[in-house]
Amino acid sequence: QVQLVESGGGLVQAGGSLRLSCAASERTFSSLAMGWFRQAPGKEREFVAAITLTQGGTYYGDSVKGRFAISRDNAKITTYLQMNNLRPEDTAVYYCAADLSISAGSSWQSWNVGYWGQGTQVTVSS
């Protein structure tokens, strides 16, 4: 069964950093676009970041630009989300996503997602 397993969430003070990891269970994931989304209580799921097969193809949500960085290690079939200068409004469950249907000029709302992880909680205290 295909799995995405997130790790690295936790509690951090505002201004701090966390790095999330998403490990895939199958090597085929190394050829897929990967991404992160988040959902805070009472809010809709929000796009955070995505990365295509080549490292140069990265996308970010407006609220995290300049603070978060997505990367991938295809040898380890793992995608990372480095989160710096965290704010209380970053508090959410963060979900790893795989097989995003990213096309040039498209908005994230139009992307299909093939696989979801189970989510990891990130809590930022003020």
Side-chain angles (χ1 to χ4, degrees):
Q1 183 178 355
V2 172
Q3 284 188 321
L4 298 173
V5 180
E6 300 106 329
S7 61
L11 173 65
V12 64
Q13 289 188 332
S17 299
L18 283 174
R19 189 176 82 155
L20 304 183
S21 299
C22 172
S25 61
E26 295 187 0
R27 186 145 300 276
T28 53
F29 279 86
S30 62
S31 63
L32 302 177
M34 303 290 294
W36 292 91
F37 292 74
R38 67 187 183 186
Q39 188 165 19
K43 295 187 177 181
E44 294 187 350
R45 190 165 293 189
E46 174 189 19
F47 168 67
V48 176
I51 186 167
T52 57
L53 178 60
T54 57
Q55 294 282 7
T58 56
Y59 305 80
Y60 295 95
D62 290 340
S63 61
V64 306
K65 284 180 181 177
R67 299 187 298 123
F68 291 11
I70 189 171
S71 62
R72 65 191 298 166
D73 184 336
N74 288 333
K76 296 181 179 180
I77 332 173
T78 300
T79 304
Y80 304 97
L81 183 68
Q82 178 66 44
M83 305 185 294
N84 299 323
N85 191 20
L86 283 160
R87 305 167 179 168
E89 53 265 38
D90 294 318
T91 295
V93 177
Y94 284 70
Y95 296 92
C96 179
D99 196 14
L100 279 63
S101 60
I102 299 172
S103 58
S106 64
S107 64
W108 70 267
Q109 290 91 342
S110 68
W111 299 346
N112 292 318
V113 176
Y115 305 93
W116 291 98
Q118 82 286 354
T120 185
Q121 176 70 46
V122 171
T123 303
V124 184
S125 63
S126 58

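The shortest non-hydrogen separation linking Val113 to Ala97 is CG1-CB, 3.6 Å. Between Met34 and Cys96, the shortest heavy-atom contact is CE-SG, 4.0 Å. Residues Ser101 and Asn112 come closest through the heavy atom pair OG-N, 2.6 Å. Taking every heavy atom of both residues into account, Ser126 and Ala14 meet most closely at CA-CB, 4.3 Å. A pairwise comparison of heavy atoms in Tyr95 and Gly119 identifies CD2-CA, 3.6 Å as the closest pair. Arg67 approaches Asp90 most closely through the heavy-atom pair NH1-OD2, 2.7 Å.
Ring centroids of Phe47 and Tyr59 are separated by 6.0 Å or more, keeping the two rings apart.
Around the CD atom of Glu44, the shell of radius 6.0 Å holds no more than 12 heavy atoms that belong to other residues, nucleotides or ligands.
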**Steps toward side-chain contact (heavy atoms from CB on, under 4.5 Å) verdict (Leu100, Trp108)** = CA-CA 9 Å; Leu100 279 63; Trp108 70 267; over 6 Å; no
**Request:** Begin from the C-alpha positions of Asn85 and Arg87 and carry the test side chain to side chain donor-acceptor pair (under 3.5 Å) through to its verdict.
**Result:** CA-CA 7 Å; Asn85 191 20; Arg87 305 167 179 168; 5.5 Å; no
**Item:** From CA spacing to verdict: side chain to side chain donor-acceptor pair (under 3.5 Å), Ser63, Glu89
**Value:** CA-CA 10 Å; Ser63 61; Glu89 53 265 38; over 6 Å; no
**Candidate pair Met83 and Leu20, rule side-chain contact (heavy atoms from CB on, under 4.5 Å), full reasoning** = CA-CA 8 Å; Met83 305 185 294; Leu20 304 183; 3.8 Å; yes
**Message:** What verdict does the side-chain contact (heavy atoms from CB on, under 4.5 Å) test give for Leu86 and Phe68, after you've listed the backbone C-alpha separation in whole Å, the side-chain angles of each residue and the deciding distance to 0.1 Å?
**Reply:** CA-CA 9 Å; Leu86 283 160; Phe68 291 11; 3.7 Å; yes
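Distance check: Tyr115 OH to Cys22 SG gives 13.0 Å after rounding to the nearest 0.5 Å. To the nearest 0.5 Å, atoms OH (Tyr94) and CD (Glu46) are separated by 7.5 Å. Rounding to the nearest 0.5 Å gives a distance of 11.0 Å between CG of Leu81 and OG1 of Thr120. Put simply, CG on Asp99 and CG on Leu32 are 4.5 Å apart, with the number rounded to the nearest 0.5 Å. Atoms CG and CD, from Leu4 and Glu26 in turn, are 10.0 Å apart once rounded to the nearest 0.5 Å. Going from atom CH2 of Trp36 over to atom OH of Tyr80 covers 10.5 Å, rounded to the nearest 0.5 Å.
Using modelled atom types, no side-chain atom of Arg38 and backbone atom of Thr91 make a donor-acceptor pair closer than 3.5 Å. The backbone N or O of Arg19 sits nowhere less than 3.5 Å from a side-chain atom of Gln82 that would complete a donor-acceptor pair. The closest donor-acceptor contact from the side chain of Arg72 to the backbone of Ser30 lies under 3.5 Å. Side-chain atoms of Glu6 come within 3.5 Å of backbone atoms of Gln118 as a donor-acceptor pair (strictly under, hydrogens ignored).
Transitive grouping of hydrophobic side chains (ILVMFWY, heavy atoms separated by less than 4.5 Å) brings Ile51 and Ile77 into a common cluster.
Listed by chain and residue number, Ser106 satisfy the side chain to side chain contact (heavy atoms under 4.5 Å, CB included) test with Ser103 (two or more places apart in sequence, or in another chain).
By the 6.0 Å and 45° rule, Arg45 does not stack over the aromatic ring of Phe37.
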